[in-house]
Amino acid sequence: MELRLYDTLSREKRTFVPLDAKEVRMYVCGPTVYDFAHIGNARPVIVFDVLFRLLRHLYGEAHVKYVRNITDVDDKINDRAARDFPGLPLNEAIRKVTEQTGRQFHADVDALGALRPSVEPRATEHIGEMREIIERLVAGGFAYAAEDHVLFSPQAMNAANSGLPRYGALSNRSLDEMVAGARVDVAPYKKGNTDFVLWKPSKPGEPSWPSPAGITAQGRPGWHVECSAMAWKHLGEHFDIHGGGIDLVFPHHENEVAQTCCAFHRERMANYWMHNGFLQVESEKMSKSLGNFVTIHELLADWPGEVLRLNMLKTHYRSPIDWTMKSLEESAKTLDDWYRVAADVVPGKPAPSVVEPLLDDLNTPLAIAALHGLRGSDVGALAGSLRLLGFLSESAAQWEGRKQQASGVDAKEVERLISERTAARARKDFAESDRIRDLLAAMGVAIKDSKEGTTWEVAR
RNA sequence: GGCCACGUGGCGGAGUGGUUACGCGCCGGUCUGCAAAACCGUUUACUCGGGUUCGAGUCCCGACGUGGCCUCCA
């Protein structure tokens, strides 16, 4: 069976045919490292990790190249640096912010069971490529310098009309309407009100680099051109898959396409544009003002990363998802069960009943339903399938031990109470045995009696 | 205002014309000193109004509701 993926540009599911089966190439927009990543940021990380794993399964581990960038030059970073480290020179403070945040991001996504991408380029290490693209755009008449800025003109792009995509095609907008509907307060140096920034001057003390397009003042890149440059450097002018959150379709991805296609005179940048849907928290939009801003870091204090991962994959990646505590509890329960029955068995090959839904535009909910089916029929295939999806990274004992550790329960004390209870039961002193059971329950310990004896675990 | 998603049983969530989704919960049973856990079994649905069709949750039109983008928020 073949892989089919939904492409935002053509607005249909299409059979996936890689440009080069020896090197399948995927780019996903990564974080801007200025603060803890929130649970919404985790969605593309997890979704495209599943796709990465699936592609490796299909084409071989050595034949998939996954690039996810780190944006480490940005206004928000500058603001954060100035606020958090007022005593330091700005550039030093910025380095602290990006290093700390980058480290935290890696810790978070590792815990979510996401494989590291093949390459994680940093924007600040690709300024040369950005300047190159900008120079090409200026030379081609698609961009111009004005007051130390370089601006891209979508109108020039659509006027060229020769082997280029139409600006607006990806986000399904007409440039004319955008011109008409644009805000009034357009910067005076812009020729057209839809022109966007490729390069801008740096304020004193901010990170800065020599400017392109004959500008003498030092400057820094705009956001959109960073991704064009990093994708070009690591994947070439034309590659297979470009992914990100649906909110990035416009303007970010629309502008990326414009920059890359105009710089290299191409009709396409990526053959498949994939976008994950939005996430709400307890039926509300996540925002700092509502106070429901949930970071991955905070959630990881209460839940194993795989619980967050499963919770995310229970919904199809293009559908909206409502992130709730109830749903997390359910996911935790499911994983407890899978760990119990499958973590320590020899994994078999991933089952077709699991792989086939994945081949149909990453239908993870249907794949998960198939896992429930395997649970009763073939635990070897269950184990293999779970591993394909990035689960079962530890043993059953480690899984249980982690819960125990997080709860702070004293295992020795529990064992002592259980043997007391066993003795009480043996002499039919049920009042005493029930008292001990209640005591353990109050400690957060759940008892399980069976013919082989009594076991226990930390109740969640 | 423009563009675009989504609306399935108590809850989550698949299903692009025709047989049980699946999971959690509830309920019943087995087990148990009683429970819990485990195992077995069972129940409930397709926002509303039209239309197409032998047949629609599934296609078309409309309404209502929710959400997203149109400001460098995934």
Side-chain angles (χ1 to χ4, degrees), chain A residues 8 11 13 28-32 34-35 37-48 71 73-77 168 171-174 176-178 180-183 185 194 196-197 200 221-224 226-227 243-252 254-255 275-280 283-288 293 310-311 313-322 324 326-334 336-337 340-341 357 360 363-373 375-376 424-425 428-431 433-434 437-438 440-441 446-451 454-457 459:
Chain A
T8 305
R11 275 164 264 283
K13 261 191 232 178
V28 174
C29 291
T32 298
Y34 70 102
D35 201 352
H38 58 67
I39 188 61
N41 300 115
R43 194 166 190 191
V45 168
I46 293 169
V47 164
F48 291 105
T71 294
V73 47
D74 183 271
D75 286 333
K76 290 192 292 280
I77 296 172
S171 57
N172 195 30
R173 278 153 222 261
S174 113
D176 291 343
E177 282 169 13
M178 288 161 60
R183 298 286 194 280
D185 53 335
T194 56
F196 62 87
V197 170
K200 55 187 165 185
W223 178 41
H224 310 304
E226 296 176 9
C227 283
I246 195 165
D247 58 317
L248 293 182
V249 174
F250 190 88
H252 185 54
E254 191 72 61
N255 291 353
H275 295 97
N276 61 271
F278 232 67
L279 175 148
Q280 288 185 286
S283 303
E284 283 187 314
K285 178 173 176 158
M286 182 166 52
S287 72
K288 288 191 171 155
F293 205 83
L310 176 62
N311 202 240
L313 296 177
K314 282 200 303 196
T315 304
H316 183 86
Y317 77 92
R318 284 192 281 120
S319 299
I321 182 170
D322 190 18
T324 65
K326 185 168 186 247
S327 182
L328 276 170
E329 280 161 10
E330 206 178 287
S331 299
K333 191 176 290 191
T334 303
D336 281 346
D337 180 59
R340 194 164 52 81
V341 302
D360 182 17
N363 191 339
T364 53
L366 194 56
I368 289 167
L371 292 173
H372 290 301
R375 197 264 184 215
R425 290 178 74 207
K428 301 216 186 299
D429 184 356
F430 297 122
S433 78
D434 288 354
R437 185 169 67 196
D438 291 346
L440 286 164
I447 299 260
K448 297 178 182 182
D449 294 327
S450 74
K451 290 191 177 71
T454 300
T455 59
W456 65 281
E457 68 174 27

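- One donor-acceptor pair, N or O on each side, does fall under 3.5 Å between the base of B:G33 and the side chain of A:Asp434.
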| query | Please, what dot-bracket string fits RNA chain B when only Watson-Crick and G-U pairs with both distances under 3.5 Å count, crossing ones use [ ] and pairs to another strand use |? | reply | (((((((..(((.....[...)))..((((.......)))).....(((((..]....))))))))))))....

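- Atom name P, nucleotides B:G68 and B:A36: the rounded distance is 43 Å, in whole Å.
- Each of A:Val47, A:Asp247, A:Ile246 was evaluated against A:His275; a single residue qualifies, A:Ile246, per the side chain to side chain contact (heavy atoms under 4.5 Å, CB included) test.
- Comparing B:C6 with B:A14, their P atoms are spaced 11 Å from each other, to the whole Å.
- Between A:Phe278 atom CZ and B:A74 atom P there is a gap of 8 Å when expressed in whole angstrom units.
- What separates CG of A:Asn276 from C1' of B:G68 is a distance of 12 Å, to the nearest Å.
- With P as the reference atom, B:C59 and B:G15 are 12 Å apart, rounded to whole Å.
- Contact of A:Glu330 with B:G12 (side chain to base): no donor-acceptor pair of N or O atoms is detected under 3.5 Å.
- Spacing between B:C69 and B:U19 at atom P, rounded to whole Å, works out to 40 Å.
- A:Gly373 comes within contact range of no nucleotide atom at all, as no heavy-atom separation falls under 4.0 Å.
- In this model, a donor atom of one side chain and an acceptor atom of the other lie less than 3.5 Å apart for A:Lys314 and A:Ser331.
- With values rounded to the nearest 0.5 angstrom, A:His316 atom NE2 is found 7.0 Å from A:Thr364 atom OG1.
- Taking atom CD on A:Glu284 and atom C1' on B:U66, their separation rounds to 13 Å, with Å as the unit.
- Atom pair A:Ile447:CD1 and B:A36:C1' shows a separation of 9 Å (rounding to whole Å applied).
- The residue A:Ile368 sits apart from the nucleic acid: no heavy atom pair falls under 4.0 Å.
- Between the P atom of B:C3 and the CG atom of A:Asn172 lies a distance of 9 Å, rounded to the nearest Å.
- Among the heavy atoms of the strands lying under 4.0 Å from A:Gln280 are primed sugar atoms or P, OP1, OP2 only; no base atom is included.
- Rounded to whole angstrom, the span from the CG atom of A:Asp337 across to the C1' atom of B:C39 amounts to 12 Å.
- For B:A35, neither phosphate oxygen OP1 nor OP2 lies less than 4.0 angstrom from any side-chain nitrogen or oxygen of A:Lys448.
- Phosphate proximity of B:G13 to A:Thr315: present, with a side-chain N or O under 4.0 Å from OP1 or OP2.
- Spacing between B:C48 and B:G7 at atom P, rounded to whole Å, works out to 13 Å.
- For B:C34, its base sits under 3.5 Å from the side chain of A:Arg437 at one donor and acceptor pair at least.
- The listed nucleotides are B:A14, B:G2, B:C72; the one nearest the side chain of A:Arg173 is B:G2.
- Between A:Ser433 and A:Arg425, the shortest heavy-atom contact is CB-CG, 3.5 Å.
- The distance between atom NE2 of A:His252 and atom C1' of B:C70, rounded to the nearest whole Å, is 17 Å.
- A donor-acceptor contact under 3.5 angstrom links the side-chain atoms of A:Ser433 to the base of B:G33.
- For the pair A:Glu329 CD and B:C24 C1', the computed distance is 11 Å after rounding to whole Å.
- Looking at heavy-atom distances under 4.0 Å, A:Lys333 makes contact with sugar-phosphate atoms alone, never a base.
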